Amino acid sequence: MSTSNPNAPLSLAAKPALFSRPAWIGIVFCAVVLAALPLLNLIFPDGHALHISSYTIALIGKFMCYAMAALALDLVWGYTGILSLGHGVFFALGGYAHGMYLMRSIGRDGVYQSNLPDFMVFLNWKEYPWYWWMTEHFWFAMLLVVLVPGILAFVFGYFAFRSRIKGVYFSIITQAMTFAFMLLFFRNDTGFGGNNGFTDFKRILGFTITDPSTKAALYMVTLLFLLGALFLCRAIVTSKLGRVLQGVRDSESRLMFIGYNPLWFKLFVWTLSAVLCGIAGALYVPQVGIINPSEMSPANSIEMVIWAAVGGRGSLIGPIIGAFTVNGLKSWFTAAFPDLWLFALGLIFILVTLFMPQGILGLAKKFKKRAKTEEAA
């Protein structure tokens, strides 16, 4: 799984073309359809032909969070050539930062009717640890959603990139990082719920979190953030900054030879990617209703890579397609054949690597090109 080609020409001069007119039409169409789904859930009663169930709304909302994480990964892997196997930790840290606020919002409605979360009462905690300070405020929790993954990514990336760690070695240490955090959060004495994590949320901003209108609002906010992240990433990769990032991917040594210092470019895109992943995790938690250390497992980070590969990395739209496709298959497969999903996932990755190296989007472009050739002939 090569992340760079030393013989490839640098791409600083030409502005990359992204999103053809049909692609824009597809994006608008999908956005409209996705935006209409929660309205169908709220307007039409159960049993109506046009009714969309609350389960479906929550499921698609979860898929959009995954799509945003895949998009963030594509920014560093597809466009900068940095293969991360540890983005799950940024996703989970954003989720935990939001989860702290949601746990504080439970108030005295827990099982033990205490001001402390139930898991703290069970473990005989007498007060909140210092790092829970101010987390009862939504704005502060949202600040943590951005700062915690961002600072971790900046510090980790600075030392890794300054040491010129790249390729498979960088991928391995990112996987070691997420595994270390997972083991840390599994401990009961860290104040994050241990193995069970955070769950049983009651309210968000004063609204009942299980109410259909609240779920619809969370869904729409997720859709807006996904579209915003897509347009932000597009603006970056089509700018001069984006061409420099692709220069890092294609031949970092040549980029240094012509006077660029790759460190700060790589650090910027790495930190931004982590922040986007953290925001995706924060949006994920209230819709799914739980966050625990399993979200930091190396397998989850590897799945993100598979989403991007299946959809087509280096295209922005491809990883979104891949996230929806793979997770849709996962939802069906785990219900029909729950013990076989990991084998199926591995097979999907092998088949895509061998027969569809550019993913679903690349395959579609290939068919389109072939059709044009046949028409011309």
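It should be emphasised that the depicted structure is a prediction, and the values quoted were computed from it without experimental measurement. For this chain, numbers begin at 1 and follow the sequence in order.
Y96 has its ring centre no less than 6.0 Å from the ring centre of F181. Checked against the 6.0 Å centroid criterion, the rings of H87 and W270 qualify as a close aromatic pair. Aromatic rings from F161 and F170 are positioned such that their centres are separated by under 6.0 Å.
Nearest heavy-atom pair, P319 versus G312, reported as atom, atom and distance to 0.1 Å: CD-O, 3.5 Å.
Sorted by first and then second residue, the pairs that involve residues 291-312 and meet ring-ring contact (aromatic ring centres under 6.0 Å, His included), not counting sequence neighbours, are Y66-W307.
Taking K62 as the reference, nothing meets the salt bridge (Lys or Arg N to Asp or Glu O under 4.0 Å) condition, with sequence neighbours excluded. With sequence neighbours left out, W133 forms a ring pair (Phe, Tyr, Trp, His ring centres under 6.0 Å) with F140. By the salt bridge (Lys or Arg N to Asp or Glu O under 4.0 Å) test, K166 is found to be paired with E252, residues two or more places apart in sequence or in another chain being considered.
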Side-chain donor-acceptor distances from residues 219-234 under 3.5 Å, at least two apart:
from : atom 1 : to   : atom 2 : distance (Å)
Y219 : OH     : L34  : O      : 2.8
T222 : OG1    : L218 : O      : 2.8
T222 : OG1    : Q287 : NE2    : 2.9

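Both tests hold for R104 against Y128: distance to the six-membered ring centre under 6.0 Å, angle to the ring axis within 45°.
Between the side chains of T56 and S53, at least one donor-acceptor pair of N or O atoms lies under 3.5 Å.
Of the inter-residue distances, the one linking M177 atom CE with L152 atom CG reads 5.5 Å to the nearest 0.5 angstrom.
Side-chain contact check for M142 versus W139: every heavy-atom pair is 4.5 Å or farther apart. Contact check for K202 versus I209: no side-chain heavy atoms found under the 4.5 Å cut-off.
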Taking it one step at a time, do N292 and F198 satisfy side-chain contact (heavy atoms from CB on, under 4.5 Å)? CA-CA 6 Å; N292 59 40; F198 299 156; over 6 Å; no
What verdict does the side-chain contact (heavy atoms from CB on, under 4.5 Å) test give for S301 and V89, after you've listed the backbone C-alpha separation in whole Å, the side-chain angles of each residue and the deciding distance to 0.1 Å? CA-CA 8 Å; S301 295; V89 71; over 6 Å; no
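Applying the 4.5 Å side-chain rule to ILVMFWY residues, one finds V28 in the same cluster as V32.
Of the residues W125, F119, Y131, F186, the one that meets the ring-ring contact (aromatic ring centres under 6.0 Å, His included) test with F192 is Y131.
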